[in-house]
Amino acid sequence: DIDILAQTHVNQAPSMNDNAHKVFCTSERARIVRQEFAGNVIVEDMEMTTEYTLQDDNHVSAISRIAIYLTPNSNSPRQEKSISGKAVAFYDFEIDMHRNLETFVDSKSGKSVERACVLTP
């Protein structure tokens, strides 16, 4: 069972300057609940925040941080409930995405055009 709450907002309005980069952020919170064969229930809470920057029409870069939180463990009666909500690990990632363009011949006009291409295995 996975519960996901996703929130998106713009943190920087696009500028009138053509050279300005466009930036937007996303934030996701997730709780993953799973049951092991022995009957133990494992609960994992995490939050991922990512800031995307449009470098140009074919290039987006991003910085992403994942926070892992402590959660109460119902399998361990001695564990205190006060540990909830405290991040215990952070993982930072840099993401660099480039659009693949491929030249096609337009069947109607006969002209060469570049289009985004998704490579399939």
Side-chain angles (χ1 to χ4, degrees):
D1 183 23
I2 299 175
D3 296 325
I4 296 179
L5 167 67
Q7 300 171 338
T8 305
H9 67 278
V10 174
N11 77 339
Q12 178 181 328
S15 169
M16 297 305 286
N17 180 354
D18 288 339
N19 295 328
H21 296 299
K22 295 179 181 158
V23 176
F24 72 95
C25 294
T26 61
S27 181
E28 301 174 52
R29 296 187 74 182
R31 169 167 279 183
I32 300 169
V33 180
R34 56 193 167 111
Q35 185 171 4
E36 295 180 332
F37 290 112
N40 293 335
V41 175
I42 307 296
V43 178
E44 298 172 346
D45 287 343
M46 63 176 274
E47 182 175 6
M48 182 169 56
T49 303
T50 307
E51 178 182 275
Y52 297 90
T53 303
L54 180 63
Q55 302 294 339
D56 61 43
D57 288 342
N58 296 312
H59 180 206
V60 174
S61 62
I63 298 173
S64 183
R65 170 168 277 185
I66 297 175
I68 306 297
Y69 293 91
L70 288 174
T71 55
N73 182 348
S74 62
N75 303 314
S76 177
R78 291 187 176 192
Q79 189 179 44
E80 298 203 17
K81 301 291 181 186
S82 63
I83 63 170
S84 291
K86 297 179 182 175
V88 294
F90 292 99
Y91 300 96
D92 292 330
F93 298 92
E94 291 182 9
I95 304 166
D96 197 41
M97 297 175 280
H98 294 269
R99 183 183 313 208
N100 291 325
L101 295 176
E102 191 169 321
T103 303
F104 292 90
V105 175
D106 187 331
S107 60
K108 292 182 182 177
S109 68
K111 295 180 182 178
S112 294
V113 293
E114 281 193 331
R115 294 188 216 161
C117 179
V118 177
L119 302 176
T120 55

Would you mind reporting whether Arg31 and Val43 have side-chain heavy atoms less than 4.5 Å apart? yes
Over 12 non-hydrogen atoms of neighbours within 6.0 angstrom of OH in Tyr91: no
With sequence neighbours left out, what residues match Glu114 under side-chain hydrogen bond (donor to acceptor under 3.5 Å, both in side chains)? none
Kindly work out whether a path of hydrophobic side-chain contacts (I/L/V/M/F/W/Y, heavy atoms less than 4.5 Å apart) joins Phe93 to Met48. yes
One should read off an interatomic distance between Leu54 CG and Met97 CE, to the nearest 0.5 angstrom, of 10.0 Å
Nearest heavy-atom pair of Ala62 and Thr50: which atoms, and what distance? CB-CG2, 3.9 Å
Would you find more than 12 non-hydrogen atoms of other residues, nucleotides or ligands less than 6.0 Å from Glu94 atom CD? no
Might you point out which heavy atoms bring Asn58 and Asp56 nearest each other, and give the distance in Å? N-OD1, 2.8 Å
dist Ile63:CD1 -> Tyr52:OH (nearest 0.5 Å) comes out at 12.0 Å
Sorted by chain and residue number, the side-chain hydrogen bond (donor to acceptor under 3.5 Å, both in side chains) partners of Thr49 (sequence neighbours excluded) come out as none
If you take all heavy atoms of Ala87 and Tyr69, which pair is closest and at what distance? N-CD2, 3.5 Å
Determine the minimum heavy-atom distance between Met46 and Ile68, stating which atoms define it. CB-CD1, 3.9 Å
Can you sort out the partners of Asp92 under salt bridge (charged side-chain N to carboxylate O under 4.0 Å, His left out), two or more places apart, ordered by chain and number? Arg65
Interatomic spacing from NZ in Lys111 to CG in Asp106 - rounded to 0.5 Å: 9.0 Å
Please report the interatomic distance NZ(Lys22) to OG1(Thr53), rounded to the nearest 0.5 Å. 12.5 Å
Closest non-hydrogen atom pair, Arg29 against Glu47: CG-CG, 3.9 Å
OG1/Thr26 to CD/Glu28 distance, rounded to the nearest 0.5 angstrom? 6.0 Å
Name the residue from Cys25, Ser27, Ser64 that meets the side chain to side chain contact (heavy atoms under 4.5 Å, CB included) definition with Glu51. Cys25
